[in-house]
Each structure stands twice: as C-alpha cells, then as structure tokens.
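In what follows, a single structure is set out as structure tokens and then discussed.
Proteins come first, then strands; the chains are lettered A, B, ... in the order of their sequence lines, and each starts at number 1. Keep in mind that this is a model prediction, so the values were computed, not measured.
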2 protein chains.
Amino acid sequence: MTDTLDERSWVILSATVTGYIRMAAPVGSRAVNRLFGLSYSPATIRNVMADLEEIGYLTHPHTSAGRIPTPKGFRYFVDNSDFSKGALPAGTPKLESLLEGVLSDASPVDLLDVLSTVMNLVTRITHYTGIVMESGVRNGERLLSFEVLPLTERSLLAVLITETGMVLKKVIMIPEGLGAAEVIALGEDLNTGFRSCTLVRIREMLMKEIEHLGRAYVEFFSQVLSVSRQPELKLFRTSSFTDLPEFSSAATLREIMVMFEEEAALFRIFEELVHEERGVSVRIGSENPLPALQPCTLVAIPIMNRNVWLGSIGLIGPVRMQYDQVIPLMVYLSRRLNQWVEETAPLLPLGP
Amino acid sequence: MTDTLDERSWVILSATVTGYIRMAAPVGSRAVNRLFGLSYSPATIRNVMADLEEIGYLTHPHTSAGRIPTPKGFRYFVDNSDFSKGALPAGTPKLESLLEGVLSDASPVDLLDVLSTVMNLVTRITHYTGIVMESGVRNGERLLSFEVLPLTERSLLAVLITETGMVLKKVIMIPEGLGAAEVIALGEDLNTGFRSCTLVRIREMLMKEIEHLGRAYVEFFSQVLSVSRQPELKLFRTSSFTDLPEFSSAATLREIMVMFEEEAALFRIFEELVHEERGVSVRIGSENPLPALQPCTLVAIPIMNRNVWLGSIGLIGPVRMQYDQVIPLMVYLSRRLNQWVEETAPLLPLGP
DNA sequence: GTTAGCACTCATCGATGAAGAGTGCTAAGT
DNA sequence: ACTTAGCACTCTTCATCGATGAGTGCTAAC
C-alpha cells in the first residue's frame with residue numbers, strides 16, 4: 001500500500017497537492033508545469049498523473065478536469081513532507097509572544113480559560129475552526145478540601161476542591177432526621193478524614209462506611225458521592241468554513257453546523273485520539289469517523305500532565321489544509337503547553 | 001403611527017402574516033382568500049393589501065409577486081394578536097413534565113446548567129436557536145466562605161463562595177516576604193472577618209486596610225480582590241437556520257454564524273433588554289441592533305430573583321417566527337422559572 | 001523515454017423563451 | 001358607493017441551447 005514513489009512522481013504529487021491547497025480547484029498538468037516551474041512538460045506530467053491516479057493518490061472529477069488529491073494522496077503528502085523547517089503561518093512570532101504573556105501569569109487550574117485564549121489567537125492566525133476540550137472528572141485526583149456550607153433552610157452547598165484546583169459543587173438537601181449543624185459537622189469530618197485521598201478511594205471508603213450508618217447519614221453521603229464534573233468543550237470560529245469554496249453550498253454548511261452541535265461525538269473523537277497518539281494527530285478526510293468530518297481534516301494535540309490527560313486542542317479545516325503551516329504550529333503548541341503544564345501544575349497523583 | 005386597523009384590514013393583515021409564516025414565500029390575494037376561507041374576493045383583498053402596503057405593513061418584492069409583511073406589519077400583528085389561548089407548540093405537555101422533573105431536584109446554584117437543559121428541550125420543540133445567558137459577578141452578593149488552599153510551592157488557590165452558591169476561584173502567587181502558612185492564616189482572617197458582607201463592601205474595606213499594611217500584604221489582598229467571574233453564554237441548535245428557506249444561501253448563513261460568535265454583542269443585547277422589560281421581550285427584524293439579526297426575531301426573558309438579574313434565556317428565529325406558539329411558551333417559561341428561582345434560591349441581598 | 005499535436009469530453013455561462021403566478025386597472029354588478 | 005369579475009401586463013423561474021474553454025488521452029514524432 002505505502003509504495004514509495006520515485007523522485008519524479010513525488011515532485012508531481014507534491015506539486016499537485018500544493019496547487020490544490022492553494023487553488024481549491026482541480027489542478028491540471030499545465031498548471032503544475034507552470035506554477036512550480038517543473039522541467040517536465042505537461043504531457044509527461046499527464047502521464048505521471050495517470051499513474052498516480054491508478055495507485056489511488058489522485059482523482060478526476062470528470063474527464064476534462066484537472067486532478068484532485070485523494071485523502072490517501074494527502075496522507076502520503078503529509079507523511080513524506082518535511083514540515084520541520086516550514087514557515088509558520090504569518091503572525092506566529094506575535095502569537096508566540098502573546099502566548100508567553102498568557103502562560104506567564106496563568107495556572108493550569110484555569111486550563112479551559114488558558115486553552116481558550118490560546119485557540120482564540122490561533123484561529124485568528126490560521127482561519128480554521130478551533131476546538132478546546134477539557135476532560136471531565138479525574139478520579140485519580142486527591143482531595144484538597146471539602147466544605148459544606150448553609151445555603152437555604154433545607155439545603156446546603158457541598159464544595160469539593162481537588163489538588164489540581166478543580167472545584168466541584170453540589171447542592172445537598174438536608175436529609176430528614178438530621179439538622180443542618182449536624183450535616184456540616186459531618187462534612188468537616190469528611191474534610192479532615194479524607195484530605196489528600198484520591199476521589200476513587202474516598203468513594204470506596206464511603207461505600208463501606210455507609211453500611212454502618214443510619215438512613216439519614218446514608219442519604220447525605222450518597223449525595224456527596226454524586227458530585228461530578230462534566231467535560232467541557234468550546235469551539236472557536238466555526239464560521240471559518242463559510243470562507244472556503246468547497247463548503248460554499250448551504251447543504252455542506254448545514255452538515256458542518258450540525259456536527260459542531262454534537263458535542264458528545266466530538267468529545268469521543270478526542271478521547272480516542274489520546275489513546276492512539278501522544279503527539280500531533282492528523283486525521284485526513286475519510287480517516288475521520290464522523291460522516292460530516294469527511295471533507296475535513298482534524299489536527300489535534302492532547303494536553304497531558306505526567307500521563308494524565310487534562311484536555312485537548314485541535315484545529316478543523318478543509319482536507320486541503322495548509323499542512324505546512326498548521327503542523328509546525330501544533331507541534332510548537334504541543335511542546336510549549338505541555339511544558340507549561342508540567343512546570344506549573346499542582347502535583348498530580350501517581351497511581352489510580 | 002400605530003393606526004388602528006378596521007376589522008377587515010386586520011383580518012387580511014393577519015391572514016397575510018400567518019400565510020407568510022406558513023409558506024415562507026410572498027402570499028397573494030388568491031392565497032389569502034382560499035387558505036383562510038375569507039368572504040372577500042381576491043380583488044377586494046388586493047385593494048386592502050394595497051392600502052396596507054401604503055401604511056407600511058406589507059411590501060412587494062416585485063410587481064407580480066404576492067405580499068410580504070414588513071417588520072412593522074409583524075409588530076402590529078404581534079401586538080394585536082391574542083396569543084393567550086393559542087396552542088402551545090406540539091410537545092409542550094411533555095416539556096412541562098420534563099421541566100418539573102428538572103426543577104424538582106435542581107437548585108438555582110446551578111442556574112446555567114438548569115437553563116441549558118431547559119433550552120435544550122425547548123429548541124427541540126420549537127426548532128429555533130436557543131440562547132442561555134448567565135450574568136457575571138453580582139457584586140451585591142454576600143460572602144459565604146473564603147478559603148485559601150496550598151496548591152504548589154509558590155502558589156495558593158483562593159476559593160470564594162457567595163451566598164447564591166457562585167464559586168469564584170483564583171490562583172494566588174505567594175507574595176515575596178510571606179510564607180504559605182502566613183497567607184493561609186490571612187485568608188482565614190478574611191473568611192471570619194468578612195463572612196456575609198457583600199462583595200463590594202469587602203472590596204471597599206480591603207482598599208482601606210491596604211494602606212496600613214506592608215507591601216507583601218498589599219500584594220496578597222490585591223490578588224484576592226481581582227477574583228471575578230465572567231458572564232457565560234451558551235447557544236443551542238444554531239443549525240436551525242439551515243432549515244429555513246430565507247437563510248438558504250451560504251452568504252446569509254455566514255452572517256448568522258459570524259454573529260453567533262460575537263458573544264460580547266449578544267451579551268450586550270440581553271443586558272439592554274433587561275433594562276427595558278421584565279417580561280417577554282420580542283424584537284422583530286430591524287428592531288434588533290445587530291445587522292446580522294435584522295432578518296431574525298429574538299424572543300427573550302430574564303431570570304430574576306427579587307430585582308437581581310441572574311441571567312436570560314431567548315429564542316432566535318426568522319422574522320416569520322411562529323409567534324402564536326413561541327410567545328405563550330416563553331410566557332410560561334418566564335413564570336415557571338422565575339417562580340422556581342424565587343422559591344428555591346438562596347437569599348439574595350437587598351441593597352448594594 | 002519524452003514531448004508536441006490534436007481530437008474529444010465535459011463543466012460553465014449567458015442568452016432565449018415558455019410557463020405561471022400575481023398584480024393593477026377598468027368596467028360591470030349589487 | 002362598495003364589491004367583484006375580467007384581462008392585459010409584469011416579472012420571476014426554469015429548462016434548453018450553444019458557445020467557450022480548460023484539460024485530458026492518444027498518437028506520432030523526436
């Protein structure tokens with residue numbers, strides 16, 4: 001499958017892909033010849049293109065049109081290009097200095113905010129849609145503080161803070177047969193008793209305790225146990241697709257918009273990517289699971305702190321994405337953000 | 001301006017508007033006559049329509065087309081219709097029971113979540129775009145708890161909880177010349193000293209104190225003072241516009257998508273609406289400030305607790321919105337949600 | 001093995017014209 | 001005086017047609 005192309009074929013494939021990225025339209029033999037000043041004549045290029053089409057790297061919308069790279073063609077292009085010295089998108093130096101500013105007085109405790117700010121900037125530069133995701137509850141985290149506060153006559157507010165600064169809150173109805181003061185005292189016991197235990201461990205221990213206690217206590221504890229935190233997802237510049245000719249029809253735009261509303265599906269994608277790759281993931285066209293993502297490329301990186309997944313950021317654009325700019329940019333972001341997290345984040349647990 | 005129409009004109013205006021809402025296309029005299037079984041002949045209707053056009057309630061895309069209501073026409077229609085006994089949209093009974101379920105075991109402490117759940121349901125029924133907004137810091141709120149917790153060697157986490165259950169958190173760098181323990185003790189003083197003072201008051205008092213204290217202390221306090229909370233905004237089913245013929249062009253869709261990314265502008269709109277009206281606000285077409293909102297109608301209600309604005313919810317749809325369904329629905333939601341908040345919310349402050 | 005030449009294909013675009021919906025006016029009806 | 005039927009007229013929509021031009025694939029010459 002992954003045949004290695006000879007030099008000439010590679011040059012022509014590469015030129016076709018680059019041309020298509022630039023023009024957003026099928027590129028013909030003549031265009032490849034002229035645009036890239038190749039020494040091969042259009043006729044030769046045509047022959048090579050026909051070969052490339054046979055291996056499945058290029059297609060033909062119709063007889064008299066130029067060639068379009070297939071996802072497979074893009075994949076070969078991405079895998080075999082050396083982007084390391086590629087020019088970052090215009091505005092990157094500015095981004096870098098802004099990024100340093102953002103990171104210097106922020107803490108990973110506010111990860112979602114920081115990543116949002118970053119992707120906001122990034123989408124301004126790249127003109128693709130940005131995604132920021134923060135993973136949900138991380139059960140391995142340790143308890144930093146647990147507090148129960150009076151809210152109304154019948155309810156209390158339980159606030160649970162983990163060592164990474166995650167704040168979980170939950171309104172607790174005062175169980176029948178218990179007074180507010182009693183419940184608060186109970187909360188204080190919990191706070192002192194379980195401090196710096198992991199959340200899973202606390203749950204386990206509470207489960208055991210529950211048997212020995214009365215009904216009312218059980219009710220209180222089970223309410224406490226249900227404190228959780230949903231993963232969060234934010235999108236930036238979803239309107240970027242409206243600028244692209246291949247998404248100029250209302251129908252395709254509709255597909256995209258509907259897809260962006262399926263937060264659960266998007267979340268799953270990032271979850272899967274994290275299990276597969278730790279660096280920059282590139283999913284081109286049909287490599288994406290969602291139908292609506294098939295005309296798109298997703299470039300994503302996870303944000304990790306010592307093997308614990310905190311969240312991810314990604315860019316979604318057309319298949320003819322400016323890989324030469326986006327990939328180096330994401331490599332850079334991955335390195336910088338993960339370094340920042342490791343350096344400034346509160347300690348994370350080692351075991352589960 | 002607000003001429004009162006005679007019976008016949010009103011019937012015909014009303015039929016035209018209703019017809020246009022239903023057909024999404026200019027409606028002609030014949031259609032009005034047939035569709036609504038009016039006793040006036042097409043010719044008469046034509047005459048009346050010409051009159052209505054002269055007063056500015058209807059327009060003409062071109063000579064041989066039917067009539068379209070102007071925003072002014074819609075406004076008259078909305079103001080003079082009695083929607084009170086109008087049928088709620090299909091699925092409303094189900095919504096009501098779901099709503100009761102949601103409200104029964106939720107607290108206004110999680111207002112954003114609750115409103116999000118509600119609007120998620122509502123947008124499923126109405127097929128319009130939903131907006132949920134939670135207002136930001138409410139300085140009049142009283143302090144319920146303030147806690148400083150160790151996070152890393154050089155930083156602490158300050159967690160501030162207000163009486164409405166809002167949790168504000170902020171990472172505080174340990175000021176030079178102070179130890180972590182000292183800072184934590186300082187936080188505890190603050191907690192006991194200022195409990196149940198309003199946030200503004202606390203800020204005022206801290207400002208005064210600051211003068212008497214050393215550099216390091218000042219630094220700590222000023223970090224604490226900067227704790228704040230941004231307003232939040234969520235959109236639901238923005239793709240609803242893709243189903244409407246009047247937004248079927250990619251260009252108009254683009255406008256809509258870009259507008260929905262302008263969170264600040266949307267926020268401002270809700271802020272202004274709250275100052276103007278306490279019930280259901282209806283902004284039709286050109287009555288909206290944003291250019292991109294001109295082909296839209298916004299129906300919004302604020303969520304209040306004793307004159308304190310907690311947030312808003314709204315529906316955005318085409319100008320030819322199903323007012324007869326949406327308005328009663330929003331009236332109902334306004335009543336039910338505000339009642340719920342007043343009944344179950346933690347006490348809110350009276351003065352500033 | 002490479003390239004020039006040429007016939008052929010096919011999408012795009014503008015012009016043309018028929019169809020159809022709806023108006024506005026006039027004149028007749030009540 | 002108000003209402004309605006009739007009819008010419010307007011203007012959009014849609015399909016058809018043909019010209020245009022880009023680009024290919026093949027063949028034959030280099």
>> Please report the distance, rounded to the nearest Å, between CD1 in B/Ile68 and P in D/dC11.
In response: 16 Å
>> What verdict does the side chain to side chain donor-acceptor pair (under 3.5 Å) test give for A/Arg46 and A/Ser29, after you've listed the backbone C-alpha separation in whole Å, the side-chain angles of each residue and the deciding distance to 0.1 Å?
In response: CA-CA 6 Å; A/Arg46 273 204 291 282; A/Ser29 53; 3.2 Å; yes
> Roughly, in whole Å, what's the span from CZ in B/Arg30 to C1' in D/dG6?
Replying inline: 14 Å
>> Could you check whether A/Arg283 pairs with A/Glu276 (Lys NZ or Arg NE/NH1/NH2 to Asp/Glu carboxylate O, under 4.0 Å)?
In response: yes
> Do B/Phe83 and B/Tyr323 make the cut of ring centroids closer than 6.0 angstrom?
Replying inline: no
>> What is the distance, to the nearest angstrom, from the CG atom on B/Leu35 to the P atom on C/dA21?
In response: 14 Å
>> Please tell me if B/Ser29 has a side-chain N or O lying less than 4.0 Å from either OP1 or OP2 of C/dT23.
In response: yes
>> Can you confirm whether more than 12 heavy atoms, excluding those of B/Arg30, are under 6.0 Å from its CZ atom?
In response: no
>> Can you tell whether the side chains of B/Arg67 and B/Glu53 come within less than 4.0 Å, N to carboxylate O?
In response: yes
> With sugar-phosphate meaning primed atoms plus P, OP1 and OP2, does B/Thr63 contact a base, only sugar-phosphate, or nothing at under 4.0 Å between heavy atoms?
Replying inline: sugar-phosphate
> Cut-off 3.5 Å, side chains only: do A/Thr129 and A/Ser240 have a donor facing an acceptor?
Replying inline: yes
> Using a heavy-atom distance cut-off of less than 4.0 Å, which residues of residues 42-54 of chain B contact DNA chain D?
Replying inline: B/Ala43, B/Thr44, B/Arg46, B/Asn47
>> Between B/Arg237 and A/Glu261, does any NZ, NE, NH1 or NH2 come within less than 4.0 Å of an OD or OE carboxylate oxygen?
In response: no
>> Whole angstroms only, please: what is the NE2-C1' distance between A/His62 and C/dC10?
In response: 6 Å
>> What is the separation between atom NE2 on B/His60 and atom P on C/dA21, rounded to the nearest whole Å?
In response: 16 Å
> Considering only C/dC10, C/dT23, D/dT4, which nucleotide approaches the side chain of B/Tyr40 most closely?
Replying inline: D/dT4
>> Quick check on C/dT3: is either OP1 or OP2 less than 4.0 Å from any side-chain nitrogen or oxygen of A/Ser41?
In response: yes
>> In whole Å, I'd like the distance from the CE atom of A/Met23 to the P atom of D/dG23.
In response: 9 Å
> Starting at the 5' end of DNA chain D, which residue's closest nucleotide do you reach first, B/Ser39 or A/Arg67?
Replying inline: B/Ser39
